[in-house]
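Take a look at the structure set out below.
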Amino acid sequence: MITLLAIDWLFILEKLILIVSIISISLVIAMYETYAERKVAAVMQDRRGPNRAGPFGILQPLADGLKLFMKEEIIPNTSNRFLFVLGPCMAMLTAMMTSAVIPWGGKIHFTLFGADRWVSLQIADINIGILYIFGVVSMGVYGIMIGGWASNNKFSLMAAMRGASQVISYELPMGLSLIALLMLTGSLKMSSIVGGQIDSWYNVLYQPLGFFIFLVCAFAECNRTPFDLPEAENELNFGYHQEYSSMKLGFYLFAEYINMFISSAVMVSLFWGGYDIPFIKDANLAEQIGYNWLAALQGLSMFIKIAIFIFAFMWVRWTIPRFRYDQLMNLGWKTLIPLSLFNMIITALVVLLREYGWRF
Amino acid sequence: MHDSKSILLHLRTTFGEDGVYEQKTIDQIPTVWVSKNNIIAVATYLKTFYPLLYDLCGVDERDRSRKNGLPSADFTVVYHFFSFDLNDFIRIKVGLHGEYPSIPSITSVYVNANWYEREAYDMFGITFEGHPHLTRILMPLTWKGHPLRKEHPARATEMGPYQLYDEKADIEMEALRFKPEEWGLKEHSDDADFMFLNIGPQHPGTHGVLRIILQLDGEDIVEAVPEIGFHHRGAEKMGERQSWHTYIPYTDRIDYLGGVMNNLAYLLAVEKLAGIEIPDRAKTIRVMLCELFRINSHLVWFGTFAQDLGQLSPVFYMFTDREKIFDIIEAVCGGRMHPNWFRIGGVAQDLPNGWDKLVRDFVNYFPKQLREYDKMVMRNSLFKARTRGIGIYTREEAIEWGVTGAGLRACGYEWDFRKKRPYSGYENFDFEIPIAHNGDCYDRAVVRVEEMRQSLRIVEQCLNNMPEGLYKADHPLTTPPIKKYTMQDIETLITHFLNVSWGPVIPPGEAMSCIEATKGANSYYLVSDGNTASYRTRIRTPSFAHLQMVPYIGKGYTVADLLSILGSVDYVLADIDR
């Protein structure tokens, strides 16, 4: 009894509210990413895009979601039922889990029962935040693998193999490019990486090459053009989710959009100052408008930065062709890994020389 | 120096007077009958001068009434060979006797005879001895009978109602199952199992109902087996029941991206048979429309090729430009993709008022677009990475497999039938033959893009120099005939009435046309028995030859490369299957 009382129930409540709101925000954002994707594509292709459901077609994602729910669900006879259902669940699960360690804004302050409470807008500020992200993202490949394998379809299988080797290959340069960043920040904790950039230079200025490598790998991890080989529609008929229908297909599509959102968020947090409001001293602003408003503005700033990255994802998709499988592997192993190793060594050298008191 | 005369003389001296019979045809192509036992020797001899097996087809001669002293035969197999050096065709005919005759296969001499012989077997039941894999190619494996034989019904209504009961459905499904051992393919290598991947008939990358079965080692193609015929509509059979005039709309649908260009290929042969001289204005109108359709077809190819490589946007720009061409076509013809606009002896109507403004606007508008596409697609480094060094073949291989058109020009061979064997007044136009040298997917693209510029030049010349005069020849066999005199002259009235109600009666004979169509050389080989319908309509299409080559050039590349190759070959399924 005593131990139960000792638990800070309010803390759990705060976290629950945070979790629910972040998951629902991710879902809504993923929904509207589909809308944005279609509108961006339309603009780039001299078309109008969805404009029937609601003003400017903004209800289109709802209609699409409803459609997916109403579709007949087909599970192929030759598939492994359990794995077939597990695939999309894994994809969705791993996509949602990453958001746990991302700081979405500064602290909120309020008074409850006469006590001051500071709530940070981050679900879990664990001290190995980046490693956590890596762990979860690399689990994402299971969604593709299991789905492709369980479908018992040759196209799906080939796509799943491509997807697995692609994700694994691109995790290496991604990790290496981050090691260089970690040398500068000295922490794996997301909040301190972002905190170091607040009202200061963004990490991208110290690590432009690292950011570039990370960006390319993020495209690959999200299976977006030019790395969309697992779902190359002209060759493999939409690849690993070919046999899926109804909401299970929806899960895969949704997971891709959530991944895009989360990887944009990670890139913003690691390299572009996270929730820092650019060109303004956040600390000064807090004195003028209070911490709660500041946190709101910071959240907004974060989302604007994310939106820019999401747009970049879409822009690239509708502009350039796709790699061939071996070209993709060559790029990963022969270009990006040496580049990120080079970046790592240079960074290490600079850090070392600084230790010895060199000034640059 | 050899010419066709000395070659004929040689044939005569080698195989004896009896074995060789020379036939006069209206299209001036040297035509020789040889006996079936000599065919391999003849083919081997001819190959040194005529390296290209242009076409091979069968003819059912049993119903023919006007043989004009030709050797007797129940069936004939007709070979068309082409010589680039002599710039001439030679037609070899072999007369066969019996209900289901046989003849030695020439696949050992000309590799591309393979599919042609399979087609002749499929259509006529002629057996080719020594053929590596003589099975049906266009008809389903379960089909009864051989469609182009005269006793085979032409209309579905003559065949009784169709029923697909369960057992029959099972048989049909079983016939579609791919059995590797039938094609001599192993299921395992020394250390691994091969995967057989079925691409198509419903696959976004095949541009139509084409099935390609790939034997894969990982992602690498060991062997590819195309299966065609899903788009087969019996166009050649229809030629035997439609009148000469009413067959024109069917030709539109052969290479459905080429539109009126198919009309031209057909009509050139008909007009040779009928002996009609086409007025200059009609010729120029035909050239202009053909070149507009060439641009049109290349735009479709360009957009879909980029799309095959994963570049999703250019196709929208190119289809928008294509729409602008369709606006012109629609103003002139009333139709869009299948305008059915050319007529025996000319075109259906004169150009409408204001056509020149439409064409001029397009001529001014389009070069800017082409420059943009160059930047967007051709100079894109990813596009280059996906197409350079992929699907290479040399000039010799191209000729061996019967490749014509842009595919041949991409190997550095400056050969264009519009320049080398001008027809319909192409000799009066100033344009160049674009070529490239590596023979890979990228070079085929380069050639086609440049061809659009050259076509635009031709269109501009048509626009600036459109001659005055008749849009249709003043000849009794033009259909429908010019109406000017019908109300004054009873003879003309009767001719007009007969030509419109029955269709024209084309004098007996045989003729082949050859045009540079959008995809390569397209020909109609027509045999007339002096009737209102053709006795035999043979359509030689470029896509058929090009697709036959795909397994050969696709070997060793990956699945993704196969899509580049298929895209760069630029075929149309209707053009393959007819």
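So you know, we letter chains A, B, ... as the sequences are listed, proteins then strands, and number each from 1.
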Crowded around [X] [atom1]? As in, over 12 foreign heavy atoms under 6.0 Å?
{"X": "K334(A)", "atom1": "NZ", "result": "no"}
{"X": "Y365(B)", "atom1": "OH", "result": "yes"}
{"X": "Y142(A)", "atom1": "OH", "result": "no"}
{"X": "K71(A)", "atom1": "NZ", "result": "no"}
{"X": "M161(A)", "atom1": "CE", "result": "no"}
{"X": "F212(A)", "atom1": "CZ", "result": "no"}
{"X": "D193(B)", "atom1": "CG", "result": "yes"}
{"X": "F251(A)", "atom1": "CZ", "result": "no"}

(message) Let me confirm one number: the CG-CZ distance from L382(B) to F323(A), rounded to the nearest 0.5 Å.
(response)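 The CG atom of L382(B) sits 4.5 Å away from the CZ atom of F323(A).
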(request) Answer with side chain, backbone, both or neither: which region of Y317(B) has an atom nearer than 4.5 Å to a non-hydrogen atom of chain A? (result) side chain
(message) Less than 4.5 Å to any heavy atom of chain A: does that hold for the side chain of I390(B), its backbone, both, or neither?
(response)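 Interface part for I390(B): side chain.
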(message) Is the shortest side-chain heavy-atom distance between L197(B) and F155(A) below 4.5 Å?
(response) yes
(request) Measure the shortest side-chain to side-chain distance between S313(B) and T319(A) over non-hydrogen atoms and say whether it is less than 4.5 angstrom. (result)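 With C-beta onward as the side chain, the pair stays apart.
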(request) Could you check which of D561(B), V315(B), L562(B) has the highest count of heavy-atom pairs closer than 4.5 Å to chain A? (result)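 Option with the greatest count: D561(B).
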(request) Heavy atoms only, distances under 4.5 angstrom: which of A385(B), S564(B), S381(B) has the most pairs with chain A? Name it, please. (result)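 Of the options given, most contacts go to A385(B).
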(message) With a 3.5 Å distance limit and no angle check, can you tell me whether K154(A) reaches the backbone of F196(B) through a side-chain donor-acceptor pair?
(response)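 Here the side-chain-to-backbone pair exists.
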(message) Strictly distance-based, threshold 3.5 Å: is any side-chain N or O of R386(B) a donor or acceptor partner for the main-chain N or O of R322(A)?
(response)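 It does hold such a pair.
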(message) Counting only non-hydrogen atoms closer than 4.5 Å, can you tell me which residues of residues 43-56 of chain A sit against chain B?
(response)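 Within residues 43-56 of chain A, near chain B: M44(A), Q45(A), D46(A), R47(A).
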(request) Using the side chain to side chain contact (heavy atoms under 4.5 Å, CB included) rule, take I320(A) and Q311(B) through it: C-alpha gap first, then chi angles, then the decisive distance, then the call. (result) CA-CA 5 Å; I320(A) 57 174; Q311(B) 200 173 14; 5.5 Å; no
(message) Could you report the tightest heavy-atom contact between R324(A) and A560(B), atom names first, then the distance?
(response)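 Where R324(A) meets A560(B) most closely, the heavy atoms are CG-CB, 3.6 Å.
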